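Below is one structure, written out as structure tokens; the observations come after it.
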Amino acid sequence: MITVLTPTFNRAYILPKAYASLRKQTNYNFEWIIVDDGSTDGTEKLVSEWLSEDKFHISYYKKENGGKHRAVNYGVQKALGEYVLILDSDDTLTEDAIEFLERHCSEVASDEYAGLAGLREYTGKQGVIGGQKNDDSYIDATNIDRVKMKLQGDKTEAYKTSIMKKYSFPEFEGEKFLAEGASWNRIAIDGYKIRWYNHVIYQCEYLEDGLTRNKTDDVLMNNFKGYTYNTVLDIRTKSFPYNILSIGMYSRLAKKKGYSKKNIERKLKISSARYEQGQLMVLLHGITKRVKNGEK
């Protein structure tokens, strides 16, 4: 069985789309866990109406607001399925998503795999995010090797529940945002592969109030311990020049917080030479962006 896990915060206006997509599934061998991260918009009343319909198993939990990563950690501990798929509250699954995953789960049962994944497409638009062909072919690779294997664009993973529990998201006191790489990259560092299928299972749109569009400097500054944690992982897992660029991008914000060069080097566990490379790379990145945008 697959656990579809949806962390949500004040998304009562859009959550019915996710529910409708689950009702249309061609295979009902799944449970839907909704973790309400302290919503104040009537989400609880909305979900209570669905609970009475008994189309498929729904579990609803409401907790104090703490951010998506904490909501995911909470939901994983409640999961009954062997695999967990995170369905964001503003997105939907294709009608055959569960059926497709169920059909192929046995192929990744061995310990070398953390799970399997499918493609994403934009809601109401043609074309796959990342440009792959929707032809059911697959590639076995870790999350770190995605760029090398030309697995561009966001994907939708169904991780083994046991793996999700082992590599839960770190929780930093007072911080409510953490990029998902904090878990995914640790799983990859330990050598676990994902079977990446070229089959669309997920439809998404990046709304103005979503986390993807709102990962601004202010968000990173206010969640700096988590940002530091992820940057250390990025330096280790990203390919050149993105690993060096991450140093420069981090340093820019760290300086705003009053960190010295030595403090930055210590927090990122890098040499002085690597620090200087980061400064140069972020400068070149800025020049490239201005040239591309036609600026002087």
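For clarity, every value in this text was computed on a predicted model and none was experimentally measured.
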| request: Using distance alone, with no hydrogens and no angle criterion, decide if T3 and E31 have a side-chain donor and acceptor under 3.5 Å apart. | output: yes
| query | Does the side chain to side chain donor-acceptor pair (under 3.5 Å) test come out yes or no for T142 and D145, once each step is laid out? | reply | CA-CA 5 Å; T142 69; D145 292 331; 3.2 Å; yes
| task | Please check if atom OH in Y259 has more than 12 non-hydrogen atoms from other residues, nucleotides or ligands closer than 6.0 Å. | result | yes
| said: Would you say that L80 contacts M1 through its side chain, given a criterion of any heavy-atom pair below 4.5 Å between the two side chains? | reply: yes
| message | Tell me whether Y28 contacts the main-chain N or O of R23 through its side chain, where contact means a donor paired with an acceptor under 3.5 Å. | response | yes
| Is there a side-chain contact between H199 and L119, using heavy atoms and a 4.5 Å cut-off? | no
| message | Tell me if the centroids of the rings in F177 and Y227 come within less than 6.0 Å of each other. | response | no
| When you measure from the side chain of Q132 to the backbone N and O of V128, does any donor-acceptor pair fall under 3.5 Å? | no
| said: S137 vs D135, test: side chain to side chain donor-acceptor pair (under 3.5 Å). Steps then yes/no. | reply: CA-CA 6 Å; S137 60; D135 60 6; 2.7 Å; yes
| query | Do the two ring centres, one from Y61 and one from Y74, sit under 6.0 Å apart? | reply | yes
| field | T6 and W32 side chains, donor-acceptor separation under 3.5 Å | value | yes
| said: Counting only heavy atoms from other residues, nucleotides and ligands, does the tally under 6.0 Å from CD of E82 exceed 12? | reply: no
| message | Would you say that K68 contacts V72 through its side chain, given a criterion of any heavy-atom pair below 4.5 Å between the two side chains? | response | yes
| query | Between P7 and I86, is any pair of side-chain heavy atoms under 4.5 Å apart? | reply | yes
| said: I need the single residue from T156, T94, D91 that forms a side chain to side chain donor-acceptor pair (under 3.5 Å) with R120. Which is it? | reply: T156
| request: Check the pair K176 / N223 against side chain to side chain donor-acceptor pair (under 3.5 Å), numbers first and verdict last. | output: CA-CA 7 Å; K176 295 184 179 182; N223 298 274; over 6 Å; no
| Option passing salt bridge (charged side-chain N to carboxylate O under 4.0 Å, His left out) with E265 (candidates K267, K261, K269) | K261
| task | Quick one: sort the Y197 and F100 rings into parallel, tilted or perpendicular, breaks at 30° and 60°. | result | perpendicular
| field | Expected output: side-chain D41 to main-chain A12 donor-acceptor under 3.5 Å | value | yes
| So do N29 and I2 actually touch side chain to side chain, heavy atoms under 4.5 Å? | no
| request: Classify the side-chain pair H104/S106 by whether it contains a donor and acceptor separated by less than 3.5 Å. | output: no
| said: For the backbone of S39 and the side chain of T43, can you confirm whether one donor and one acceptor N or O come within less than 3.5 Å of each other? | reply: no
| query | Got a salt bridge between K63 and D37, using NZ or NE/NH1/NH2 to carboxylate O under 4.0 Å? | reply | yes
| remark: Exactly one of F169, Y192, Y167 clears ring-ring contact (aromatic ring centres under 6.0 Å, His included) with W184, and that residue is F169
| said: Under the criterion side chain to side chain contact (heavy atoms under 4.5 Å, CB included), I'd like the reasoning laid out for Y202 against L87: C-alpha separation, chi angles, the key distance, then a yes or no. | reply: CA-CA 8 Å; Y202 195 101; L87 173 63; 3.6 Å; yes
| query | Taking S183 for the side chain and E180 for the main chain, is one N or O donor matched with an acceptor at less than 3.5 Å? | reply | no
| Carboxylate-amine/guanidinium proximity below 4.0 Å for K17 and D90 | no
| said: If you apply the rule side chain to side chain donor-acceptor pair (under 3.5 Å), what do you find for N73 with E171, and how did you get there? | reply: CA-CA 9 Å; N73 284 347; E171 298 181 8; 2.9 Å; yes
| said: Whether E173 and K225 form a salt bridge (side-chain N of Lys/Arg under 4.0 Å from carboxylate O of Asp/Glu) is what I want to check. | reply: no
| message | Check for me, please, whether V232 and Y250 land in the same ILVMFWY cluster - side-chain distances under 4.5 Å, paths through other members count. | response | yes
| query | Within the distance-only criterion (no hydrogens, no angle test), does the side chain of N230 pair as donor or acceptor with the backbone N or O of A182 below 3.5 angstrom? | reply | yes
| task | Mind jotting down which residue pairs meet the salt bridge (Lys or Arg N to Asp or Glu O under 4.0 Å) criterion with at least one end in residues 108-118? Sequence neighbours excluded, please. | result | E112-K193
| said: Taking atom CZ as the centre, does R103 end up with more than 12 heavy-atom neighbours from other residues, nucleotides or ligands that are less than 6.0 angstrom away? | reply: yes
| said: Does any part of the side chain of Q277, heavy atoms only, come nearer than 4.5 Å to the side chain of I244, both counted from C-beta? | reply: yes
| For Y242, the rest of its hydrophobic cluster, which grows through side-chain links under 4.5 angstrom | none
| remark: Residues H69 and G66: closest non-hydrogen pair is CE1-O, 3.8 Å
| Lys/Arg N to Asp/Glu carboxylate O, R11 vs D88, below 4.0 Å | no
| remark: Heavy-atom closest pair (L245 atom, V282 atom, distance to 0.1 Å) is CD1-CA, 3.8 Å
| hydrophobic_cluster_shared for I189 and W196, side chain cutoff 4.5 Å | yes
| message | Is there a side-chain contact between I98 and T26 in this structure, where contact means two heavy atoms from C-beta onward sitting under 4.5 Å apart? | response | no
| task | Starting from V147, walk the hydrophobic network (Ile, Leu, Val, Met, Phe, Trp, Tyr; side-chain heavy atoms closer than 4.5 Å) and list everyone else you reach, by chain and number. | result | none
| Any donor-acceptor pair under 3.5 Å from R236 side chain to N243 backbone | no
| task | Report whether V84 and I201 are members of the same hydrophobic cluster (ILVMFWY, side-chain heavy atoms less than 4.5 Å apart, transitive linking). | result | no
| query | Would you call V35 and T8 a side-chain contact if the rule is heavy atoms closer than 4.5 Å? | reply | no
| message | Side chains of Y60 and D36 only: does a donor on one sit below 3.5 Å from an acceptor on the other? | response | yes
| Is E64 atom CD crowded by more than 12 heavy atoms from other residues, nucleotides or ligands, each under 6.0 Å away? | no
| note | Note: R70 and G174 closest approach over all heavy atoms is NH2-N, 4.5 Å
